[in-house]
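Reminder, nothing fancy here: chain letters follow the sequence lines and each chain counts from 1.
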Amino acid sequence: MKQYSLFGEQDPVKDMKETAAAPDNQPGDAVPHDDKRPLSSYPAPPSEISFDIEATGPDPMSDTIVGISLCREMGKACYVPVRHTQGPNLESALEIVRPVLEDEAIKKIGHNLKYDMLILRREGVEVRGTLYDTMVAAYLLNPNRSDHSLENTGLEHLQYGKRPFREVLGKRSSFADVPIAEAVNYAAEDAALAMELKGILFERLREDDLEDLYFQTEMPLIYVLADMEEAGVKINRARLGELSKELQSEMSAMESGIYDLAGERFNINSPKQLAGILFENLGLKPGKKTKTGFSTGVDVLEELAKAHELPLIILNYRTLNKLKTTYTDSLPKLINPKTGRIHTSFNQTVTATGRLSSSEPNLQNIPVRGEWGTKIREVFIAEEGNVLLSADYSQVELRILAHISGDAGLLEAFRSDMDVHTGTAAEIFGVSPKEVTTDMRRIAKTVNFGVVYGISPYGLSEAISITPKEAGQYIDCYFEKHPGVKAYMDNIIMFAREKGYVATLLGRKRRIPEIRNPNTNARLQAERFAINTPIQGSAADLIKTAMINLAGRLRAQGMKSRIVLQIHDELLLETPSHELKEVGVMLKHEMENAMQLSVPLRVDIGWGPNWAEAH
DNA sequence: GCCGTCACG
DNA sequence: ACGTACGTGACGGCA
């Protein structure tokens, strides 16, 4: 077992150089001394250092530092207590690490550096320099896995983990109460493990040719995401409260009617109880089944609505309940009392395709459709003197499909700036674009979505309520008109079968082991992954590149505009009104020119005092 | 803790 | 005969 020691209670240089070679020197035996020289003032400043923050909680926007573990040489780590119940005070401890962490020339190694950077910023320490994030490295090596905790990553790549945090914490409420000797042993291990992981993970990144994606996209993106999370977005709290009240009164008004139609009172939010009412009491005909019983999902209820008036009322009730519980009731609880804004987390290591995700709260699934969608988006507002500036890619996934497939028809459609759904409708219905009806265009739009998802007759038939046979005819017709797209699908499946993975435009890889599974359903699903991942993932590469370039220009030109949200194909900025014109041009340009594809990229922009009007 | 459901791209 | 469109996160109900 490695030995770790306490920084701040003994000589840090001696500590880091000799601890590992002096097993007698138990961390708990650390000799107190007064050496508070900054780490960088010692001879031979390190070229790289790994570090890890122990904090009072998981939220970098509200929790505070308990201590910092540091490692500048493999196998030798130390721990700087900051707010333990006994230990050096905050200022002296942080001033020891500040010169190193703020030194641009020293590379920073860590596991989930965005978190550590944000929590340090709140103490006035600005992490700078090249980043080596081992969590992101582990993610690029295997994006199929969603848990890239330090413990898991250690287990996977080094065959050993670490003591569970909960075990160290015991019955104590905070890490600050863990006795120093134990805290040192636990915490120092983190920095040491990150340092050790860095070596092996970088070898593997190189083997998989992921270095460019890592250093040119994912590492710079960490700074952009940290800025976005720190900026947060302003919310009209009072208005949210009004919306909750409105939703509640509408729902209350519906309840007695629901109970009358059902013949009894029951929990409307319980699918199980609802199924009992619909399929037993009312004798309606069950449709699809779930693992646990008859489905009461939207497709089923819409079908039942033809036979009885209750299902439609239930659907409307559910919509209101969803909006109330998930948005108008929940968002106010996540307003940070210090900033008065909502600070989401943008997760960089979750999705299998390379997209970001957003959580606590998820700001990538804020309602947009219907009158309530508008009402809820009006609650997202700009600071006084600012506007919200929105920019979204038009048909980005189909444009990427055009680029990677080289399909002549798709290339031509985008180069001549056609309405692509209308074009598809004209093709599959055999009419001229002028003759395309709203219904035909709607179906064609679904077909185009289906193509990107890895279309199947069953999937398409479910989506537009036709028979699988008819759906198959649409698909055949589509492929006849788009042989390049058909060839892409055949080729990418063959590629996946041979290599075991697929890749995006920036070389992001996703292994698809099931592609060789003899089980037909498993294999077909794998084939849809193979088709969809390069498209969805390249779109993620594209907007990530745009974000990095845009953030760089905003910073270089000293602009006050901030990127506040990314919603897969959209960026939302908060922009001082006087910067609007300049930043609008810059934003559109950086998004449209983030990559040069064989079709033009088109970005629509809008702005306003709130998100609804910016769209 | 899992499931069904539903909000988004 | 079987049963799915791709990618997420959050909520309430229920074991």
Compare every heavy atom of [Y] with every heavy atom of [X], then report the nearest pair and how far apart it is.
X        : Y        : answer
A:Ser538 : A:Leu505 : OG-N, 3.0 Å
A:Lys509 : A:Asp208 : NZ-O, 2.8 Å
A:Leu210 : A:Leu140 : CD1-O, 3.6 Å
A:Ile376 : A:Pro367 : CD1-CG, 4.0 Å
A:Ile313 : A:Ile258 : CG2-CG1, 3.6 Å
A:Leu150 : A:His111 : N-NE2, 3.2 Å

query = Between A:Glu255 and A:Arg265, is the closest basic N to carboxylate O distance under 4.0 Å?
reply =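 A salt bridge is absent here (no side-chain N lies under 4.0 Å from a carboxylate O).
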
message = Salt bridge check, A:Glu250 against A:Lys324: does any charged N sit closer than 4.0 Å to a carboxylate O?
response = no

Contact class for [X] vs. all strands (heavy atom < 4.0 Å): base, sugar-phosphate, or nothing?
X        : result
A:Ile455 : base
A:Ala539 : nothing
A:Ser330 : sugar-phosphate
A:Glu397 : nothing
A:Val452 : nothing
A:Gln536 : base
A:Asn365 : base
A:Phe529 : sugar-phosphate
A:Leu460 : base
A:Ser461 : nothing

key: Any side-chain donor near an acceptor of the partner, A:Asp407 and A:His482, under 3.5 Å   = yes

request  = Assess the side chains of A:Ser345 and A:Ser359: does a donor N or O sit below 3.5 Å from an acceptor N or O?
outcome  =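 No, because no side-chain N or O of A:Ser345 sits under 3.5 Å from a partner of the opposite role on A:Ser359.
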
request  = Can you spot which of A:Thr504, A:Thr353, A:Thr351 makes a side-chain hydrogen bond (donor to acceptor under 3.5 Å, both in side chains) with A:Gln536?
outcome  = A:Thr353

Test side chain to side chain contact (heavy atoms under 4.5 Å, CB included) applied to A:Glu378 - qualifying residues, sequence neighbours left out = A:Thr374, A:Asn610, A:Ala612

Under the side chain to side chain contact (heavy atoms under 4.5 Å, CB included) test, residues paired with A:Arg145 that sit two or more places apart =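 If we apply the side chain to side chain contact (heavy atoms under 4.5 Å, CB included) test to A:Arg145, skipping adjacent residues, the hits are A:Asn142, A:His148, A:Asn152, A:Glu156.
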
task = Rounded to whole angstrom, note down the C1' distance from C:dA5 over to B:dC2.
result =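 C:dA5 and B:dC2 have their C1' atoms separated by 24 Å.
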
key: B:dT5 versus C:dT4 - spacing of their P atoms, nearest Å   =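 Here B:dT5 and C:dT4 have their P atoms 13 Å from each other.
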
For DNA chain B, which residues in [range] have a heavy atom at a distance below 4.0 Å?
range                       : result
residues 262-291 of chain A : A:Thr290, A:Lys291
residues 483-511 of chain A : none
residues 292-317 of chain A : A:Thr292, A:Ser295, A:Thr296, A:Gly297, A:Val298

ask   = By side chain to side chain donor-acceptor pair (under 3.5 Å), which residues pair with A:Glu360, not counting sequence neighbours?
value = none

note = Residue pairs meeting ring-ring contact (aromatic ring centres under 6.0 Å, His included), one or both in residues 304-331 of chain A, sequence neighbours left out, come to none

task = Heavy atoms of chain A, cut-off under 4.0 Å: which first and last nucleotide of DNA chain B, 5' to 3', fall inside that, if you could look?
result =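 First-to-last contact on DNA chain B, by the 4.0 Å heavy-atom rule, is B:dC3 to B:dG9.
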
key: Pairing annotation in dot-bracket form, given for DNA chain C with Watson-Crick or G-U pairs under 3.5 Å and | for cross-strand partners   = .....|||||||||.

Could you list the donor-acceptor pairs under 3.5 angstrom formed by side chains in residues 450-459 of chain A, with sequence neighbours left out?
from	atom 1	to	atom 2	distance (Å)
A:Ser456	OG	A:Gly459	N	3.0

ask   = How would you list, by chain and number, every residue that makes a ring pair (Phe, Tyr, Trp, His ring centres under 6.0 Å) with A:Tyr393, sequence neighbours excluded?
value =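 Per chain and number, A:Tyr393 pairs via ring pair (Phe, Tyr, Trp, His ring centres under 6.0 Å) with no residue.
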
query = Using the benzene-type ring in the case of Trp, are the ring centres of A:Tyr474 and A:Phe429 under 6.0 Å apart?
reply = yes

Within 45° cone and under 6.0 Å: A:Arg510 NZ/CZ vs A:Phe529 ring =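 Yes, a cation-pi geometry holds between A:Arg510 and A:Phe529.
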
5' to 3' contact window, DNA chain C with chain A (heavy-atom distance under 4.0 Å) = C:dC2 to C:dA15

